[in-house]
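We number each residue from 1, following the sequence as shown. The structure displayed is predicted, hence computed values, not measured ones. Whatever order the structure lists ligands and atoms in, that order sets their numbers, starting from 1.
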Amino acid sequence: MAMGNVGCSGGCSGKTDYPEWASEELKKKTEEHPCYTADGHKNARMHIPVAPKCNIQCNYCNRLYDCVNESRPGVTSGILTPEAAAKKYSIVKEKIENLKVVGIAGPGDALANFEETKKSIELIKEKDPDVIICLSTNGLMLPDYAEEIIALGINHVTVTLNSIDPKIGAKIYEFVNYKGKILRGEEGARVLQENQLKGIEYLTKNGVLCKINIVLVKGVNDHHIPEVVKKVRELGAFMTNIMPLIPAAGTVFENMPLVSKKELNELRNKCSITMKQMYHCQQCRADAIGQLTQDRSLEFRGTGEEKFEEKEERDLLVAVASKDRKLIDQHFGQVDRFHIYKYSKDGIEFMEEREIEKYCTGIESCDDKDSKIEKVIKTLGDCKMVLSVRIGYGPKQMLRSNNIYTYELYDTIEDGINTAFKKING
Ligand code: CLF
Ligand code: SF4
């Protein structure tokens with residue numbers, strides 16, 4: 001049964017049919033959801049930042065910050081354990097009466113941290129069985145977890161889907177880490193896209209209202225977006241949310257053109273003929289709390305014992321390729337010991353040396369490269385960044401897929417570390 005338009009003066013418009021299978025209870029819940037419907041705008045949502053890891057690398061994402069698929073670049077959220085998230089929920093619920101939704105939107109990907117995601121939902125539902133749980137994901141692991149998502153009683157899932165053409169997807173994703181295998185180019189984009197589409201179809205056939213976020217990258221997927229909208233409509237998605245790319249410093253897309261509000265809304269209007277559009281997305285942070293237009297997260301900061309050590313600038317470890325601990329003057333492949341520094345708002349402090357077998361010791365040992373880079377990653381696993389004069393494409397990608405940034409420069413160590421962080425932080 002098709003429902004009429006959900007008249008939305010606050011920013012949703014277009015064709016807004018509920019699917020035939022939608023129960024009255026689901027419709028009632030959806031009318032309370034601030035992102036899905038106009039009536040819901042008055043209500044608050046709380047994001048719990050329990051998902052730090054990600055399994056893909058979008059070319060617009062600087063992983064020092066929150067997932068850009070639902071957040072503004074340059075926003076950093078602390079991480080909560082599931083227990084701390086549940087505790088914080090009780091505190092927030094007591095103070096914000098109209099809190100209706102708990103969302104998991106990063107700071108990485110909800111499904112790349114499924115254990116934490118699941119545990120958090122279970123704990124919060126024990127406290128408040130009526131709360132609407134809302135998940136946001138890049139969709140890579142949807143085929144694996146869709147059943148469990150349904151079993152957890154989740155009715156609202158957002159999937160970010162930027163392309164249904166691997167050629168276009170290859171321009172948007174640097175790599176896809178699919179169950180430990182790094183896939184690049186069209187191969188990676190194809191696996192991601194297939195899993196996203198399969199996952200959306202499964203969810204919509206099993207009682208989940210799917211919202212699709214699409215990041216508009218001018219000159220890359222702008223002309224392709226109506227096709228994406230059409231496809232997800234066919235698969236039963238409920239609405240799309242076309243979001244503008246905000247070019248973040250330190251990313252492949254840092255110099256991409258901005259999209260004007262006019263261009264964005266023209267595209268949304270065009271797509272609203274196909275399906276319901278969201279016009280009021282705030283690109284919130286992964287620990288946002290409150291109504292969409294009135295973030296109250298600062299008020300509750302610390303009440304859930306957030307851990308910032310991995311995400312904040314302070315206490316970040318940097319590995320430096322240096323012969324004499326004065327200059328950054330070595331090629332990554334020639335290093336047999338890295339110098340580890342702590343970068344914090346109080347300054348730069350030398351911590352220790354870490355020995356490593358040289359990554360590149362000549363042609364005879366080249367076959368062994370994979371296991372060597374793995375050793376390097378193990379040794380530098382807690383570092384946020386590696387600084388060297390040069391680094392090859394392969395090791396650079398491997399480090400990046402393990403959330404370790406690389407930066408190439410020749411400079412004094414102190415100036416080099418400051419330059420690299422300035423560049424990445426924008
Ligand atoms: Fe959060 Fe996202 Fe759920 Fe909303 S946000 S997980 S669907 S409860 Fe909403 Fe924020 Fe836009 Fe997201 S305004 S970024 S669309
Ligand atoms: Fe960043 Fe993309 Fe992962 Fe989100 S899904 S955290 S934008 S890489």
Side-chain angles (χ1 to χ4, degrees), residues 10-12 29-30 32-37 40-41 43-73 75-77 99-113 117 131-141 154-162 169 172-177 188 192 196 208-215 217 238-246 248 250-253 277-295 297 311 400-401 403:
C12 307
K29 279 194 161 186
T30 305
E32 290 181 336
H33 195 307
C35 302
Y36 277 64
T37 55
H41 295 178
N43 292 325
R45 52 74 181 99
M46 170 185 180
H47 282 171
I48 50 168
V50 293
K53 290 178 282 181
C54 191
N55 44 17
I56 66 174
Q57 180 61 54
C58 305
N59 281 334
Y60 44 74
C61 178
N62 178 340
R63 291 290 292 117
L64 282 178
Y65 301 119
D66 287 359
C67 173
V68 190
N69 287 340
E70 283 250 334
S71 314
R72 254 171 268 120
V75 172
T76 312
S77 298
L99 177 63
K100 296 288 182 190
V101 175
V102 168
I104 302 183
D109 182 69
L111 302 186
N113 304 262
T117 296
V131 70
I132 301 170
I133 302 286
C134 186
L135 274 196
S136 172
T137 175
N138 61 41
L140 177 66
M141 296 307 291
I154 298 169
N155 297 120
H156 298 86
V157 171
T158 294
V159 183
T160 301
L161 172 65
N162 298 322
I172 299 175
Y173 304 104
E174 194 174 323
F175 62 79
V176 167
N177 180 348
L192 176 62
Q196 290 167 325
V208 177
L209 282 188
C210 286
K211 172 167 79 59
I212 310 300
N213 282 0
I214 306 171
V215 180
V217 189
F238 180 68
M239 71 192 291
T240 57
N241 172 24
I242 305 170
M243 311 158 89
L245 168 82
I246 306 175
T251 67
V252 177
F253 284 172
Q277 298 296 307
M278 181 174 188
Y279 283 74
H280 64 294
C281 176
Q282 300 296 313
Q283 291 174 278
C284 352
R285 40 191 303 155
D287 61 0
I289 296 175
Q291 287 175 285
L292 296 188
T293 51
Q294 201 184 41
D295 185 46
S297 56
K311 299 294 293 174
R400 196 70 192 274
S401 73
N403 271 341

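The backbone N or O of Leu292 sits nowhere less than 3.5 Å from a side-chain atom of Gln294 that would complete a donor-acceptor pair. A donor-acceptor contact shorter than 3.5 Å is absent between the side chain of Asp287 and the backbone of Pro49. Remark: side-chain polar atoms of Asn162 are paired, donor with acceptor, to backbone N or O of Val215 under 3.5 angstrom. The closest donor-acceptor contact from the side chain of Asn213 to the backbone of Ile242 lies at 3.5 Å or more, if one exists at all. When atom types are taken as modelled, the side chain of Arg45 and the backbone of Gly290 share a donor-acceptor pair closer than 3.5 angstrom.
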Please determine whether side chain to side chain contact (heavy atoms under 4.5 Å, CB included) holds for the pair Leu192 and Leu140, giving the CA-CA distance in whole Å, both sets of side-chain angles, and the decisive distance to 0.1 Å. CA-CA 5 Å; Leu192 176 62; Leu140 177 66; 3.8 Å; yes
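Metal site remark for atom 4 (Fe) of ligand 1: Cys35 contributes an N, O or S atom at a distance under 2.8 Å. At a threshold of 2.8 Å, atom 10 (Fe) of ligand 1 has a backbone or side-chain N, O or S atom of Cys284 nearer than that distance.
Atoms of ligand 2 lying under 4.0 Å from at least one heavy atom of Cys61, given by number and element, are 1 (Fe), 6 (S), 7 (S), 8 (S). Listed by number with element, the atoms of ligand 1 under 4.0 Å from a non-hydrogen atom of Cys134 are 3 (Fe), 6 (S), 7 (S), 8 (S). Close contacts between ligand 1 and Leu292 involve ligand atoms 13 (S) [criterion: under 4.0 Å to a heavy atom]. When each atom of ligand 1 is checked for a heavy atom of Gln282 under 4.0 Å away, the hits are 11 (Fe), 13 (S). Distances below 4.0 Å separate heavy atoms of Lys211 from the following atoms of ligand 1: 7 (S), 15 (S). In the vicinity of Cys281, heavy-atom distances shorter than 4.0 Å reach the ligand 1 atoms 11 (Fe), 13 (S), 14 (S), 15 (S). Near Thr158, meaning under 4.0 Å from one of its heavy atoms, ligand 1 places the atoms 7 (S). The His47 neighbourhood of ligand 1 comprises atoms 1 (Fe), 5 (S), 6 (S), 8 (S), with distances under 4.0 Å to a heavy atom of that residue. In summary, the atoms of ligand 2 found under 4.0 Å from a heavy atom of Asn138, numbered by their order in the structure, are 5 (S).
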All N/O donor-acceptor pairs, side-chain side in residues 50-57, below 3.5 Å, sequence neighbours left out:
{"from": "Asn55", "atom 1": "OD1", "to": "Asn138", "atom 2": "ND2", "distance (Å)": "2.9"}
{"from": "Gln57", "atom 1": "NE2", "to": "Cys61", "atom 2": "O", "distance (Å)": "2.9"}

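Under 4.0 Å from ligand 2, the heavy atoms of Cys54 that appear belong solely to its side chain. Under 4.0 angstrom from ligand 1, there are no non-hydrogen atoms of Met243. With a 4.0 Å heavy-atom cut-off, ligand 1 is reached by the side chain of Asn241 but not by its N, CA, C or O. If you look at His280 next to ligand 1, there are no close heavy atoms at all, none under 4.0 Å. The residue His156 has no part lying near ligand 1, judged by heavy-atom distances below 4.0 Å.
Taking 4.0 Å as the cut-off, Asp109 does not count as a neighbour of ligand 2 on heavy-atom distance.
Rounding to the nearest 0.5 angstrom, the gap separating the CD1 atom in Ile289 from the CG atom in Leu99 is 8.5 Å.
Using a 30° and 60° split on the angle between ring planes, Tyr36 and His156 fall in the perpendicular class, above 60°.
Partners of Thr160 by side-chain hydrogen bond (donor to acceptor under 3.5 Å, both in side chains), not counting sequence neighbours: none found.
At least one side-chain heavy atom of Val101 sits less than 4.5 Å from a side-chain heavy atom of Pro34.
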